[in-house]
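Worksheet for the structure shown next.
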Amino acid sequence: MLKIAVLASGRGSNFQAVVDSIEQGEIEAEVALLVVDKKDAFAVERAKKHDIPWMYVNPKDFNGKDAFYEHIASELKKRDVGLVLLAGFMRIVGKPLLDEFHMKVMNIHPALLPSFPGLHGHKDAVDYGVKISGCTVHFVDEQMDTGPVIIQAAVPVHHDDTEDSLSGRILPFEHRIYPIAVKLFAEGKLEDRGRKVDVKDGQSALFFPQEEYVSEA
Ligand code: GRF
């Protein structure tokens, strides 16, 4: 069975969404480890509640970024991890981890990449005045939010939206598409074609939940 490691820095609601999906039998996988880089990350409380092993790794204990990621990679290898999920992990992942888990590290970003990468995806979308934003699950490469896209969900942006209101509209869709991406991976349905990720069996990786917005039209 696929073993998953999750890297988080805070709230951990996406971590929770994946755990819930597994517990509901939707994904055949097991979360083998949660790694946090912040001692007080709320994600740890979630891990405890679900009896998921967790580990706090303090970047300050290491002599540089590579050593930090070498340590994490070795902990994951020890546990036979086959997929790494970034879930609100507030760091750019280093080469030692990416080399060890090539095309096996995913991230969720709260905008439709390649638009609005970086730390302020919601605010940047609101400030720019786009009418549609959303969220993206992608494989991780060495830059920020640039790796191959796996699945996206689109949501409307309203003229009076704030960072918070847009974030509140997007988050439920993060919780829906991240488990879908993990399930596709676990079932071996993601095909790496270089820049593009194809989904086997012709399943759609575009999630445009129009029905949820009928009442807003
Ligand atoms: C989410 O909005 C995710 O898209 C971004 O960081 C936030 C993490 O939230 N990368 P949570 O910790 O999963 O609740």
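Please read these numbers as outputs of a predicted model, since none were measured by experiment. For ligands, and for the atoms within them, numbers begin at 1 and follow the listed sequence. Because only heavy atoms are used, hydrogens play no part in the values below, and waters and symmetry mates are left out as well, while side chains stay in.
- Near R11, meaning under 4.0 Å from one of its heavy atoms, ligand 1 places the atoms 9 (O), 11 (P), 12 (O), 14 (O).
- Using a 4.0 Å cut-off to heavy atoms of G88, the atoms of ligand 1 that qualify are 6 (O), 8 (C).
- Residue nearest to atom 13 (O) of ligand 1, selected from V18, N14, V6: N14 (by heavy-atom distance).
- A cation-pi contact, defined as under 6.0 Å to the ring centre and within 45° of the axis, links R91 to F68.
- Residue G10 has no N or O atom closer than 3.5 Å to an N or O atom of ligand 1.
- The closest protein non-hydrogen atom to atom 2 (O) of ligand 1 is E174 OE2, 3.0 Å.
- Residue, atom and distance of the protein heavy atom nearest to atom 11 (P) of ligand 1 are S13 N, 3.4 Å.
- Heavy-atom distances between G12 and ligand 1 reach below 4.0 Å in at least one pair.
- No more than 12 heavy-atom neighbours from other residues, nucleotides or ligands sit within 6.0 angstrom of OH on Y128.
- With no hydrogens or angles considered, no side-chain donor-acceptor pair links D20 and Q24 at under 3.5 Å.
- Judged by distance alone, the side chain of D37 and the main-chain N or O of N58 form no donor-acceptor pair under 3.5 Å.
- Given atom 5 (C) of ligand 1, the protein heavy atom at minimum distance is I108 O, 3.8 Å.
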### Message
Is there a side-chain hydrogen bond (donor to acceptor under 3.5 Å, both in side chains) between Q16 and H50? Walk through the geometry before answering.
### Response
CA-CA 9 Å; Q16 183 76 56; H50 292 266; 3.1 Å; yes

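- I22 is connected to F15 through a chain of hydrophobic side-chain contacts under 4.5 Å among Ile, Leu, Val, Met, Phe, Trp and Tyr, so both are in one cluster.
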